[in-house]
Amino acid sequence: MRVIVCGGDGFCGWPTALHLSARGHDVSIVDSLVRRQWDAELGTQSVLPIHPLSERLEKWRDLTGRVIRSHVGDLTDAAFLMDVLAQERPEGIVHFAEQRSAPYSMIDRQHAVFTQVNNVVGTLNLLYGIKDIVPACHLVKLGTMGEYGTPNIDIEEGYIEIRHKGRSDVLPFPKQPGSMYHLSKVHDSHNIHFCCRTWGLAATDLHQGVVYGVQTAETAMDAVLYNRFDTDEVFGTALNRFIAEAAIGHPLTVYGKGGQTRGFIQIVDTVRCIELALEHPASPGELRVFNQFTEQFSVGELAARVAGIAPRAGRVATVTHLPNPRVERDEHYYNAAHTALVDLGLRPHLLDDALLEDLLRLAIRFAERILPDKLLPTVRWR
Ligand code: NAD
Ligand code: USQ
């Protein structure tokens, strides 16, 4: 299959591009490389050193003989994007290319506006590009479990049957996003749904949970192929941050009571889910929603798991409860369906202590690159 991976230089996109290429798909990457600029803006860095995209692609070709093409440019630049679509004529587009940090979107007005413009306009351009240039192309869009928020009822995969005053319908599941970033994903979902209904486009919206882990079989092949490993308060996510904190003896930063429960997925399962979605495309006119996570945990539980295994790698980890910088429930009901990808063939890698220990040992190896003054939260929701 000819596939474009938008955001193919990022944490999920890079291992996905390699995974698809390794399985014989004809892959090209579109990325503006803006994520690397945000590291500079925030004065932070990936714990694993990441090589320039051109070097990564050259190394991949040298090691495997497989070519991944790259187009460096911005999805909000419609002329650039239309040109790439006309050149590549993809059968599938995987769209990771958004500003994905909730704290980044909550820094101030400018960052909120940037996040929503970047994400919503990029996705709109992609939708128009597909309609005008490659209408049969299947869009695989990365959404987020955070679109649903934490309702006091079970969360379904995208849609819910509602009975109201004697009538019933299957409607999009109610959305209660918790940041300007999460809101951008809801806006995207509505735009994609409209375009599928109106123009007959085929799309899959993958409502992904928090991703943890770092390497896949392909990124671990050579240091030049290493994936990024974010641990700072803005781009680091819960479990990977706890691992980095344990590696340098920093208390594990649980926000509030720690009862916040989310869906989690390993990076090795992320890449497989994308492959499954591409290989089983949505039908024309359909917006399919899959909840892409494998297990749910509270952040307090995860911190306790990391603290529990830390001594195996010679570390003692303590857990601290910080005042929550976010506005979110930290004790709540949470039960989300996630069977669609398993039905398509996903065999989940569940969180186990051996993986946690491997991750911790990796963080310890690169501990001098973990910046202690970037760990405590400074971005506040209020
Ligand atoms: P990332 O920031 O590491 O990668 C995103 C990539 O997109 C970067 O390389 C960036 O340069 C590029 N990009 C951003 N805006 C662009 C634009 N306008 N034009 C071209 N390129 C652009 O993020 P990630 O962690 O790989 O996340 C990828 C996607 O998956 C995001 O849409 C995110 O919302 C979703 N997601 C991520 C997680 C997670 O835990 N990482 C969880 C759920 C959903
Ligand atoms: N949290 C802590 N301590 C920390 C970091 C986070 O307690 O040091 C808590 C947060 O308050 C939150 C939960 O952990 O309750 C998850 O936070 P996170 O930073 O790990 O993840 P989040 O902001 O939700 O965003 C990440 C990705 C985003 C994706 C989302 C999936 O950055 O792109 O959309 O996970 S989901 O959580 O399902 O919305």
Side-chain angles (χ1 to χ4, degrees), residues 5-16 29-39 46 50 53 71-77 80-81 94-106 114-115 117-119 121-123 125-126 141-150 177-179 181-182 184-185 188 206-212 227-228 230-231 233-242 244-245 252-265 267 270 291-293 296-300 302-303 320-322 324-330 336 375-377 381:
V5 179
C6 300
D9 189 48
F11 170 64
C12 298
W14 172 242
T16 298
I29 284 174
V30 174
D31 200 301
S32 62
L33 311 183
V34 66
R35 175 69 189 85
R36 293 170 184 257
Q37 290 169 29
W38 297 330
D39 276 347
S46 161
I50 50 168
L53 179 60
H71 303 271
V72 174
D74 200 305
L75 293 192
T76 62
D77 176 349
F80 158 78
L81 178 59
V94 187
H95 177 19
F96 290 107
E98 298 202 329
Q99 191 301 97
R100 68 107 174 123
S101 158
Y104 190 88
S105 75
M106 297 298 289
F114 170 80
T115 299
V117 170
N118 184 64
N119 296 0
V121 173
T123 298
N125 283 345
L126 209 40
K141 162 70 165 58
L142 270 291
T144 172
M145 285 300 292
E147 291 190 32
Y148 304 121
T150 54
S179 72
Y181 150 72
H182 286 97
S184 75
K185 294 290 194 182
D188 281 345
L206 296 171
H207 283 18
Q208 186 168 238
V210 187
V211 182
Y212 67 93
N227 198 12
R228 55 180 314 131
D230 298 309
T231 59
E233 58 141 335
V234 174
F235 275 95
T237 50
L239 181 54
N240 280 6
R241 268 166 64 70
F242 297 154
E245 289 164 349
L252 312 191
T253 52
V254 171
Y255 299 164
K257 294 198 181 83
Q260 303 92 311
T261 303
R262 302 285 184 270
F264 285 80
I265 180 168
I267 188 73
T270 291
N291 292 345
Q292 182 166 311
F293 72 96
Q296 43 179 74
F297 299 102
S298 72
V299 290
L302 289 178
T320 183
H321 288 261
L322 301 172
N324 198 334
R326 306 187 183 196
V327 176
E328 62 183 0
R329 294 194 185 108
D330 57 7
L375 292 174
L376 288 178
W381 261 228

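What you are looking at is a predicted structure, and each value in this text was computed from that prediction instead of being measured. Just follow the structure's listing: the first ligand is 1, and inside any ligand the first atom is 1.
Here's the thing with G146: one of its N/O atoms is less than 3.5 angstrom from an N/O atom of ligand 2. For ligand 1, the polar-atom distance check finds no N/O of G7 at less than 3.5 Å from any of the ligand's N/O atoms. Ligand 1 has an N or O atom lying under 3.5 Å from an N or O atom of C12, backbone or side chain. At under 3.5 Å, a nitrogen or oxygen of F11, whether backbone or side chain, sits near a nitrogen or oxygen of ligand 1. Taking any N or O of R35, backbone or side chain, at least one lies under 3.5 Å from an N or O belonging to ligand 1. Looking at Y181 next to ligand 2, an N or O pair under 3.5 Å apart turns up. By the 3.5 Å distance cut-off applied to N or O atoms, V211 is counted among the residues near ligand 1. Considering backbone and side-chain N/O of N324, none are found under 3.5 Å from N/O of ligand 2. In terms of polar-atom proximity, defined here as any N/O pair under 3.5 Å, D31 does make such a contact with ligand 1. Residue D74 has at least one N or O atom closer than 3.5 Å to an N or O atom of ligand 1. By the 3.5 Å distance cut-off applied to N or O atoms, V34 is counted among the residues near ligand 1. Here's the thing with T76: none of its N/O atoms is less than 3.5 angstrom from an N/O atom of ligand 1. Here's the thing with T144: none of its N/O atoms is less than 3.5 angstrom from an N/O atom of ligand 1.
The minimum heavy-atom distance between I50 and R228, with the atom names listed, is CD1-NH1, 3.5 Å. Across I29 and D9, no two heavy atoms sit closer than the pair CG2-N, 4.3 Å. When all heavy atoms of V211 and C12 are compared, the closest pair comes out as CG2-SG, 4.2 Å.
Contacts between F293 and ligand 2 below 4.0 angstrom, taking non-hydrogen atoms only, are absent altogether. When heavy-atom distances to ligand 2 are checked against a 4.0 Å cut-off, H182 comes that close only through its side chain, counted from C-beta outward. Neither the backbone nor the side chain of E147 has a heavy atom within less than 4.0 Å of ligand 2. Within the 4.0 Å heavy-atom criterion, both parts of A238, backbone and side chain, lie near ligand 2. The proximity of V299 to ligand 2, defined as any non-hydrogen pair under 4.0 Å, is limited to the side chain. Of all the heavy atoms of Q260, the ones lying under 4.0 Å from any atom of ligand 2 belong exclusively to the side chain. Within the 4.0 Å heavy-atom criterion, neither part of V30 lies near ligand 1. Using a 4.0 Å cut-off between heavy atoms, M145 contacts ligand 2 through both its backbone and its side chain.
In this structure, the protein non-hydrogen atom closest to atom 23 (O) of ligand 2 is R326 NH1, 2.8 Å. Here the heavy atom of the protein found nearest to atom 19 (N) of ligand 1 is L75 N, 3.0 Å. For atom 34 (O) of ligand 1, the closest heavy atom belonging to the protein is Y181 OH, 2.6 Å. For atom 15 (N) of ligand 1, the closest non-hydrogen atom on the protein side is N118 ND2, 3.2 Å. The protein heavy-atom contact nearest to atom 35 (C) of ligand 1 is L142 CB, 3.9 Å. Of the protein's non-hydrogen atoms, the one nearest atom 3 (N) of ligand 2 is T253 O, 2.6 Å. Atom 26 (C) of ligand 2 has T237 CG2, 3.8 Å as its closest protein atom, hydrogens excluded (heavy atom only). At the top of the distance list for atom 31 (C) of ligand 2, counting protein heavy atoms only, stands T144 OG1, 3.2 Å. Regarding atom 36 (N) of ligand 1, its nearest protein heavy-atom neighbour is Q208 NE2, 3.4 Å. Protein heavy atom in closest approach to atom 16 (C) of ligand 1: A97 O, 3.5 Å. Nearest non-hydrogen protein atom to atom 12 (C) of ligand 2 is E328 OE1, 3.5 Å. Nearest protein heavy-atom contact of atom 28 (C) of ligand 2 is R100 O, 3.4 Å. Among all protein heavy atoms, the one lying closest to atom 4 (O) of ligand 1 is G10 CA, 3.4 Å. The single protein non-hydrogen atom nearest to atom 32 (O) of ligand 1 is K185 NZ, 2.7 Å, given as residue, atom name and distance. Ranking protein heavy atoms by distance to atom 7 (O) of ligand 2, first place goes to Y255 N, 2.9 Å. The nearest protein atom to atom 35 (O) of ligand 2, hydrogens excluded, is given as V210 CG2, 3.6 Å; this is a heavy-atom distance.
Proximity of G146 to ligand 1 is not established, as no heavy-atom distance is less than 4.0 Å. The shortest separation from a heavy atom of G143 to ligand 1 is under 4.0 Å, placing the residue in contact. Using a 4.0 angstrom heavy-atom cutoff, Y212 does not count as in contact with ligand 1. Ligand 1 lies less than 4.0 angstrom from a heavy atom belonging to G209. Under the 4.0 angstrom criterion for non-hydrogen atoms, G263 is not in contact with ligand 2.
Counting only distance, with no hydrogens or angles, the side chain of R241 and the backbone of D230 share no donor-acceptor pair below 3.5 Å. S179 contributes a side-chain N or O that, together with a main-chain N or O of H182, makes up a donor-acceptor pair within less than 3.5 Å. With H321 contributing its side chain and G256 its backbone, the two residues share a donor-acceptor pair below 3.5 Å. Between the side chain of N227 and the main chain of F11, a donor-acceptor pair closer than 3.5 Å is present. Judged by distance alone, the side chain of N125 and the main-chain N or O of T76 form a donor-acceptor pair under 3.5 Å. R329 places a side-chain N or O within donor-acceptor distance of the main-chain N or O of T150, the cut-off being under 3.5 Å. Of the possible polar contacts, one joining the K185 side chain to the L142 backbone as a donor-acceptor pair under 3.5 Å is found.
Under the ring pair (Phe, Tyr, Trp, His ring centres under 6.0 Å) criterion, H207 pairs with Y148, sequence neighbours left out. Listed by chain and residue number, M145, I155, F293, Q296, Y334 satisfy the side chain to side chain contact (heavy atoms under 4.5 Å, CB included) test with A336 (two or more places apart in sequence, or in another chain).
By heavy-atom distance, the residue among R228, R100, R36 lying nearest atom 33 (C) of ligand 1 is R100. When the heavy atoms of F96, W14, F80, Y104 are ranked by distance to atom 28 (C) of ligand 1, first place goes to F96.
With rounding to the nearest 0.5 Å, the separation of CZ in F242 from CG in L375 is 11.0 Å. The distance from the CZ atom of R100 to the CG atom of N119 is 12.0 Å, given to the nearest 0.5 Å.
A 4.5 Å side-chain heavy-atom check between Y181 and S101 finds every atom pair outside the cut-off.
Close approach of ligand 2 to R262 is summarised as follows: ligand atoms under 4.0 Å from at least one heavy atom of the residue are 15 (O), 37 (O). Each of the following atoms of ligand 2 lies closer than 4.0 Å to a heavy atom of A102: 23 (O).
Side-chain N/O atoms of S184 and E98 include no donor and acceptor closer than 3.5 Å.
Ring geometry, W38 versus Y104: the interplanar angle falls from 30° to 60°, so the pair is classed tilted.
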